[in-house]
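Chain A is the first sequence line, chain B the second, and so forth, proteins listed ahead of strands; every chain is numbered from 1.
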Amino acid sequence: MTDFHKGLLAVNPADSDLLAALNKSGRDSFLQQEIPTRKTEAWKYTSLNALTSHEEGYGRLATNFNANELATLSNIPALDAHRLVFVNGQYSSQLSSSELSSSESSANVVRFSQANSEQQKIIADNIGSAIEQDKHLFAALNNAITNDGVLVHIGKNEQLKQNIQITHISTAQKKAFTVPARILIVLETGANATVVEHFTSTGDQQNCFINAITEAKVGANARLNHYRLQLVEENSIQIGGVYVDLDRDANYDSFQLGLGAKIVRNDINVNHNVGGSHCELKGVYLPQNKQLIDFHSNMEHKVANCTTNEVFRGIMADKSKAVFNGRIHIHPDAQKTLAELSNKNLLLSNEATINTKPELEIYADDVRCAHGATIAQLDEEARFYLQSRGISAAEADVMLSFGFINELLENLELEAVRDLIRPILAKRFGRDEELMQHIG
Amino acid sequence: MLTIKDLQASVEDKEILKGLNLDIKPGEIHAIMGPNGAGKSTLGNVLAGREDYEVSGGSAELQGTDLLELDPEERARLGVFLAFQYPVEIPGVSNLEFLKASVDSVRAAQGKEPLDSVSFLKLAREKCKAVDLDQSFLKRGVNEGFSGGEKKRNEIMQMMLLEPKLCILDETDSGLDIDALQVVAKGVNSLRDPNRSFIVVTHYQRLLDYIVPDYVHVLANGKIVKTGGKELALELEEKGYSWLEDGADNGAQ
Ligand SMILES: Nc1ncnc2c1ncn2[C@@H]1O[C@H](COP(=O)(O)OP(=O)(O)OP(=O)(O)O)[C@@H](O)[C@H]1O
Ligand SMILES: [Mg+2]
């Protein structure tokens, strides 16, 4: 066992019978996998140095926090939600909202540690099943060290009206620590739910490594709307991903936001397993300063008649860096697949970088597949148009950068999420108050 | 208002304006006609300050201020307005926010406070109505998915909001249906003022029935080759450009 492996595994041991099997298999898988280096294809552009070279390692769990000070951070204003809030990985009943409104009869939203026997069975039956942990080091790690999590289980044909918000807040700690966050979403046939994952942190120095894995099993004809908003501070590290299994005619509709940090890496894997399913994946990333953000998406079209529409946009400022790798894998049986992938990037500085790579692997002949990746500067013609109306070049640039991202936000179903994000974007682009007046 | 002397401009080393002279007094409307590719849009773009065009000689002054030295936004703040032949689409930037940014900048240059959002919205709605655009256009991206005619109305709406001194309309009538043409003409006429001047670039005499010009110029091969009253437009409609000495062989190449 290397120091790297030892360090990451050294969190408080789970004493949960429910997760014992998962922990064990995760540990075995994790130990068998090598530490990624620059030569590892999936990690070519993303160095784990900041994680692996940290003197104290990222083992221990942090404890102390003052919930009172965190209330505004945990809140998404105007979002009608059943809210679960974790601070440094620990559940805070004070910050969380009470039970789901009672009309939602067949919905279970419960922490693993509080699950009743029926819920435990759902967890045991599903957890880990959407993840190929031998190929995903940090999912294996999460399997190994997770000691609690949230189950979202929606019964047959239930249309959950209230949104579910799961927020992770990290606070400044003297010592480095790991937060293994885990969500298991199980939608039965015809069920419908909206889950908003929200990662945020206090403004000061962070020593937090968030290892967050979300697994979703979307049943026949079911629909999951999933938002994943990463708004952590500069010095955090966040590595994890989303693993989705789609049953017949299932829908997965997702929006990902990443602002970047010391390292942010997200693996998004969607398996079209049965047929007729649709995945709508949208995302934006906006690193600045020396931040890094890396999205690796992988759409597995295993069967016929499924569709994927994936759109990612990024704006890189200062000396920041982004990586986007969009893989679409169309298996031999996946005839009549319709898959589209678009990735557009804007570089705001000479020193910013983007590595973007669409990866199409097509083994069926009757498919429609399109992909495009572009790296561009702001549109000169649009800038001139704004200037010709009296708007300064600087403000025009701010408005155009904002517009580039805003285009994707306009179609978000949850207005509360849009309202949360827009001012953050405005601050990113218009670092000067003067320039922010006409965006957001 | 506007004095252009011996203006020469080129794009990508191709000479387009070849010594153009034009003098426009306050309150006047000047129509500019001429063959495709003659340089009409180039003139508008050079006056508005587009960087792609290199001015290699001559001058252009707005009320004594050298325009050619100024950034596009400074020209706009001084009162230059170009209604584009092909207005650009800017998805993601809301039309309303754009209009507000524009009006705020121009007002600031005039030493006026920005309008509060409520008053501005009211004003913008009024102008929408004046050009017969539904209010929903305020919420959409700038020109995003607008039809050709809707884009042109949006240009006129901006002109009405900004109340510029010099309005340059580059083929604002092209692609408009008859009703829209009247809407545009009404907009322009409502702005007619002894202290405001217009350059109206058009291919069709018909527009000039609604917006009656003081002068009609023919721009061909980078120069004004003929100037006359509004009856010149009728003559051109009938005879084309070939009878004009310079337009004959140097027109659209
Ligand atoms: N950006 C550019 N790059 C290359 N050539 C250009 C550019 N802009 C204009 N030109 C050329 O300059 C010439 C004049 O163009 P301009 O658009 O000014 O003509 P116009 O008189 O407005 O014609 P139209 O009546 O067709 O609108 C044309 O030959 C055109 O192709
Ligand atoms: Mg033209």
Atom [atom1] in [X], atom [atom2] in [Y]: separation rounded to 0.5 Å?
X       : Y       : atom1 : atom2 : result
L47(B)  : S388(A) : CG    : OG    : 12.5 Å
Y86(B)  : E381(A) : OH    : CD    : 11.5 Å
Q158(B) : Y385(A) : CD    : OH    : 3.5 Å

Q. With side chains defined as the heavy atoms from C-beta onward, is the minimum distance between F98(B) and I391(A) less than 4.5 Å?
A. yes
Does [X] [atom1] have over 12 foreign heavy atoms under 6.0 Å away?
X       : atom1 : result
D116(B) : CG    : yes
K321(A) : NZ    : yes
E61(B)  : CD    : yes
E113(B) : CD    : no

Q | Side chain, backbone, both or neither of E410(A) within contact of chain B (heavy atoms, under 4.5 Å) | A | side chain
Q. Given a strict heavy-atom distance threshold of 4.5 Å, which part of A396(A) is in contact with chain B: side chain, backbone, both, or neither?
A. neither
At a 4.5 Å cut-off on heavy atoms, which part of [X] comes close to chain A: side chain, backbone, both, or neither?
X       : value
V103(B) : neither
P114(B) : neither
D52(B)  : neither

Q. Between N406(A) and V93(B), does a side-chain contact (heavy atoms from CB on, under 4.5 Å) hold up when you go through it step by step?
A. CA-CA 7 Å; N406(A) 191 39; V93(B) 175; over 6 Å; no
**Q.** Closest non-hydrogen atom pair, G390(A) against A76(B)
**A.** N-CB, 3.3 Å
Q: Among D71(B), D104(B), V80(B), single out the residue with the greatest number of heavy-atom pairs under 4.5 Å to chain A.
A: D104(B)
Q. Which one of E74(B), E51(B), R50(B), E73(B) satisfies the side chain to side chain donor-acceptor pair (under 3.5 Å) criterion with Q387(A)?
A. E73(B)
Q.
Checking the side chain of S102(B) only, and the main-chain atoms of R389(A) only, is there a donor and an acceptor separated by less than 3.5 Å?
A. yes
